[in-house]
*Asks:* 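This structure is in structure tokens; I'll ask about it shortly.
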Amino acid sequence: GQSLEQPSEVTAVEGAIVQINCTYQTSGFYGLSWYQQHDGGAPTFLSYNALDGLEETGRFSSFLSRSDSYGYLLLQELQMKDSASYFCAVRRDSSYKLIFGSGTRLLVRP
Amino acid sequence: DTAVSQTPKYLVTQMGNDKSIKCEQNLGHDTMYWYKQDSKKFLKIMFSYNNKELIINETVPNRFSPKSPDKAHLNLHINSLELGDSAVYFCASSQSTDNYEQYFGPGTRLTVT
């Protein structure tokens, strides 16, 4: 079987740092992606990790530990516009498809 | 310049009807996908085509039939619509099957009454 677990909801204050965790159990593993989706909008790609370690892209960073089947998305200097749902997605090496987590709804408060 | 476009954006129809959703991408990508997002925002792959060839066919009712006339277009036809088909359907594309970055269309919100 396969599963991805993320917290359903996270609340943080504008200007703060927030970490959204993702643990996965899949029969194969190729890499972990993160997508952002605003209400009523389409998912948009944020980052991808195939190797252990931290990838930084501006205010957003993503981390992967393959041995722990764990990753996280780190958002710094939170802005109101970061309020959205964040999905982790696993690509298995035996398939071209992405398996998405159930998403974490981030609410940024003033 | 819209990268991935879908029509219609909203679709309200009655049970038992047949409807189609169209998708086009102008990114020159080889691979296209259909996803279904339910009311709990769970996003699930349905189908994928690579250069007009079906490569992913998840366990969906055979009332759903994708068609790719060329690699820039991927349409979804749904027969005998049911209440449970109500969802947002997203089309997406990627440069190739090996490319992890997928570009999503704006979605089609289907409501079956």
Side-chain angles (χ1 to χ4, degrees), chain A residues 1-10 20 22 24 26 28-51 55 57 60 62 64 71 73 83-107, chain B residues 2-7 9-10 21 23-25 27 29-51 53-60 66 74 87-109 111:
Chain A
Q2 56 207 16
S3 68
L4 288 87
E5 291 192 14
Q6 313 177 226
S8 59
E9 198 169 289
V10 172
I20 300 174
C22 174
Y24 58 88
T26 58
F29 182 81
Y30 205 80
L32 185 71
S33 299
W34 288 92
Y35 284 78
Q36 178 193 59
Q37 185 180 27
H38 286 97
D39 284 348
T44 56
F45 173 79
L46 290 177
S47 68
Y48 176 75
N49 296 68
L51 303 175
E55 295 277 345
T57 310
F60 293 3
S62 57
L64 176 66
L73 181 69
S83 292
S85 293
Y86 292 85
F87 295 86
C88 60
V90 165
R91 182 184 168 195
R92 301 183 316 177
D93 54 8
S94 61
S95 169
Y96 306 117
K97 65 183 180 183
L98 288 179
I99 310 297
F100 280 81
S102 54
T104 298
R105 188 174 181 86
L106 171 65
L107 178 61
Chain B
T2 304
V4 182
S5 59
Q6 294 178 229
T7 54
K9 189 165 175 64
Y10 299 96
I21 307 172
C23 177
E24 177 181 1
Q25 54 95 2
L27 298 167
H29 288 171
D30 287 341
T31 312
M32 296 185 73
Y33 312 80
W34 277 113
Y35 286 88
K36 178 181 180 180
Q37 187 169 47
D38 62 22
S39 57
K40 295 184 179 178
K41 303 201 82 173
F42 184 59
L43 198 60
K44 192 174 189 308
I45 182 78
M46 300 174 69
F47 303 103
S48 178
Y49 274 72
N50 186 59
N51 278 321
E53 298 291 326
L54 182 66
I55 58 170
I56 296 174
N57 187 358
E58 287 295 282
T59 308
V60 299
L74 180 61
V88 180
Y89 292 85
F90 286 101
C91 176
S93 73
S94 63
Q95 192 165 0
S96 69
T97 54
D98 285 335
N99 196 284
Y100 47 80
E101 183 172 354
Q102 294 185 11
Y103 293 77
F104 283 76
T108 296
R109 181 174 292 277
T111 303

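Worth knowing before you read on, the calculation uses all heavy atoms, side chains too, and leaves out hydrogens, waters and symmetry mates.
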*Asks:* Which pair of non-hydrogen atoms, one from B:Gly105 and one from A:Ala42, has the smallest distance, and what is that distance?
*Replies:* O-CB, 3.0 Å
*Asks:* Check whether B:Tyr103 gets within reach of chain A through its side chain, its backbone, both or neither, counting any heavy atom under 4.5 Å.
*Replies:* neither
*Asks:* With a 4.5 angstrom heavy-atom cut-off, could you sort out which part of B:Thr97 is near chain A: side chain, backbone, both or neither?
*Replies:* both
*Asks:* Which of these passes ring pair (Phe, Tyr, Trp, His ring centres under 6.0 Å) with A:Tyr35: B:Phe104, B:Tyr100, B:Phe90?
*Replies:*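 With A:Tyr35 as partner, ring pair (Phe, Tyr, Trp, His ring centres under 6.0 Å) holds for just one option, B:Phe104.
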*Asks:* Over all heavy atoms of both residues, which pair between A:Phe87 and B:Lys41 is shortest? Give the atoms and the distance, please.
*Replies:*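 Closest approach of A:Phe87 to B:Lys41: CE2-O, 3.3 Å.
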*Asks:* On a heavy-atom basis, which atom in A:Leu98 and which in B:Ile45 lie closest, and how many Å separate them?
*Replies:* O-CG2, 4.3 Å
*Asks:* Measuring heavy-atom distances to chain B, does A:Ser85 have an atom under 4.5 Å in its side chain, in its backbone, in both, or in neither?
*Replies:* side chain
*Asks:* Does atom CD of B:Gln95 have more than 12 heavy-atom neighbours, drawn from other residues, nucleotides or ligands, at distances under 6.0 Å?
*Replies:*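 No - once you tally the heavy atoms of other residues, nucleotides and ligands closer than 6.0 Å, there are 12 at most.
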*Asks:* Atom NZ of B:Lys44 and atom CZ of A:Phe100: how far apart are they, to the nearest 0.5 Å?
*Replies:* 12.0 Å
*Asks:* Within the supplied structure, the quantity of interest is the number of heavy atoms (other residues, nucleotides, ligands) at a distance under 6.0 Å from B:Glu58 CD; does it exceed 12?
*Replies:* yes
